[in-house]
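Written out below as structure tokens is the structure these notes cover.
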Amino acid sequence: MKVAVIGAGTIVPDFLEAAEQIEELEIYAIFGRESSLEKLKKLQDQYGIGCIYHDHAALLADEEVEVVYIALPNHLHYHYAEQAVRSGKHVIVEKPFASSYAQAKDLVEKAEASHVVVFEAISNQYMPNYQKTKELLPRLGDVKIVQLDFSQYSRRYDLFKAGTVHPVFDPAQSGGALMDINVYNIHYVVGLFGRPETVRYMANIERGVDTSGILTMSYPSFQCVCIGAKDCRAPMSINVQGDKGYLHSDRPANSYGSFYFCNDKGEAEQFALNGDRPRLYHELRAFVDMVLRGDSELARQRSAHTLDVMAILDEARRQAGMYVC
């Protein structure tokens, strides 16, 4: 499958390193502004990318392009994904999938009508460690408490405080800690337990954007807390606590590199099953397999999961008084 990369941000080298290990993928083209030509050429040379585009319409008209990978600021995801879908391309979209539930639903419906796959690149859902976590859940007994903390001081926060606002801290560009970092926690939880009954978001707001916040989600028999911060740091943690044992990891939810299962007798097992593959490898492997098999049912399941997460993000942002398009 020939892939066109849209953007040249910090996530793109991670994507390209993972794609190199999947023989069915060929990075055919990369798109960016003419002002980014030096960066684009560097990526082209390093990863053997076939060509560079500055004209988006021309890229989409190129019949060689089968898959479009979108790695742009959050508020641009819908626009570029929608155009790619209408052009008959499969689409991989970086998280968050879109800026609102309405946008996400529109993308999913248009992709189904066009018989293409639109896929949210959310790493933890496809990692072997995460699949093992699903397998071990029944051994926890009745789940009582779920807690995740992904607090990572942003290198752009000092600039934000000084008055320079990058997209990641711009509410009008769907920025903020919830959309940028806590979204991984939400995906982790929803992938295990589904959509919660209620959501509450208590955010630290600076100049209209959440620089950090605590999201609580209530399920029928347990409570969940998801902490995401870009204005402070703390040890990463994931804990799923039941009356027969617990799961613990000191890795963030985007990489989930290892975890412990401990039963009620204090017997612990450690799992580190992701191997030495790049962090984005497993999600890309899942995407390729889905497309090659023509697995429309799995595509619908993944889209339903994405829509559940988008509904949570919408509600949380409304509660915090942040912009929702």
Side-chain angles (χ1 to χ4, degrees), residues 9-15 17-18 71 74 93-97 120-134 136-137 143 145-157 166 168-169 174-193 201-204 210-217 224-241 246-262 268 270-284 286 305-306 309 312-313 316:
T10 55
I11 192 65
V12 170
D14 290 348
F15 173 86
E17 288 173 13
N74 297 345
V93 189
E94 269 303 325
K95 59 79 193 168
F97 187 70
E120 184 175 17
I122 185 73
S123 54
N124 58 30
Q125 295 298 293
Y126 305 97
M127 291 175 171
N129 280 340
Y130 192 74
Q131 304 312 311
K132 188 64 177 181
T133 295
K134 287 184 173 182
L136 291 171
L137 274 183
V143 173
I145 296 290
V146 177
Q147 172 268 324
L148 298 92
D149 189 338
F150 192 166
S151 296
Q152 182 173 277
Y153 194 90
S154 172
R155 59 190 173 87
R156 295 187 174 94
Y157 181 58
H166 287 272
V168 73
F169 283 113
S174 304
L178 181 77
M179 298 289 272
D180 186 60
I181 203 164
N182 215 351
V183 63
Y184 286 112
N185 293 335
I186 298 167
H187 272 285
Y188 181 99
V189 175
V190 172
L192 296 180
F193 304 109
Y201 189 45
M202 296 156 284
N204 293 316
D210 60 325
T211 57
S212 57
I214 299 171
L215 179 80
T216 62
M217 297 190 288
C224 172
V225 176
C226 294
I227 299 169
K230 297 181 71 64
D231 57 5
C232 57
R233 62 175 59 86
M236 309 292 188
S237 63
I238 297 173
N239 294 291
V240 183
Q241 301 165 219
Y246 67 84
L247 295 169
H248 169 75
S249 178
D250 58 5
R251 307 293 181 89
N254 68 331
S255 62
Y256 200 40
S258 65
F259 71 96
Y260 288 90
F261 168 80
C262 186
Q270 184 177 16
F271 297 93
L273 307 174
N274 294 345
D276 57 0
R277 298 285 194 178
R279 182 172 65 88
L280 305 187
Y281 170 84
H282 298 289
E283 65 186 48
L284 294 183
H305 168 89
T306 286
V309 171
I312 293 167
L313 293 172

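These numbers were taken from a predicted model, which means no experiment stands behind them.
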Mind checking whether Y130 and Y188 have parallel, tilted or perpendicular rings, split at 30° and 60°?
perpendicular
I'd like to know if the side chain of N274 and the backbone of N129 have a donor-acceptor N/O pair within less than 3.5 Å.
yes
Scan N254, T306, D180, N74 and name whichever one has a side-chain hydrogen bond (donor to acceptor under 3.5 Å, both in side chains) with K95.
D180
Considering non-hydrogen atoms only, spot the tightest contact between S258 and A272 and give its length.
CB-CB, 4.0 Å
Below 30° counts as parallel, above 60° as perpendicular, anything between as tilted: where do the rings of Y256 and F259 land?
parallel
Quick one: does any side-chain atom of Q131 pair with a main-chain N or O of Q125 as donor and acceptor, under 3.5 Å?
yes
For the residue pair I122 and E283, establish whether any side-chain heavy-atom pair is separated by less than 4.5 Å.
no
Side chain to side chain donor-acceptor pair (under 3.5 Å) for Y201 and D210? Distances and angles first, verdict last.
CA-CA 10 Å; Y201 189 45; D210 60 325; 2.7 Å; yes
Short question: side chain of Q241, backbone of I145 - any donor-acceptor pair under 3.5 Å?
no
Would you find more than 12 non-hydrogen atoms of other residues, nucleotides or ligands less than 6.0 Å from Y246 atom OH?
no
Using modelled atom types only, decide if a donor and an acceptor are shared between the side chain of N124 and the backbone of A253 within a distance under 3.5 Å.
yes
Closest heavy-atom pair, V189 versus C224, reported as atoms and distance to 0.1 Å, is CG2-SG, 3.7 Å
Between A18 and L284, the two heavy atoms sitting closest are CB-CD1, 3.8 Å
Main-chain N/O of I227 paired to N185 side chain as donor or acceptor, under 3.5 Å:
yes
Heavy-atom pair with the smallest gap, counting every atom of S151 and M236
O-CE, 3.5 Å
Mind listing the closest non-hydrogen atom pair of M217 and C226 along with its distance?
CE-SG, 3.9 Å
Are there over 12 heavy-atom neighbours, none belonging to Y153, within less than 6.0 Å of that residue's OH?
yes
For S174 and M179, which heavy atoms make the closest approach, and how far apart are they?
O-CB, 3.4 Å
Can you check whether K230's main-chain N or O pairs, donor with acceptor, with T211's side chain at less than 3.5 Å?
no
Does a side-chain heavy-atom distance below 4.5 Å link F271 with T133?
no
Can you check whether F97 reaches V309 side chain to side chain, under 4.5 Å on heavy atoms?
no
So how far is it from H248 NE2 to S237 OG, rounded to the nearest 0.5 Å?
7.0 Å
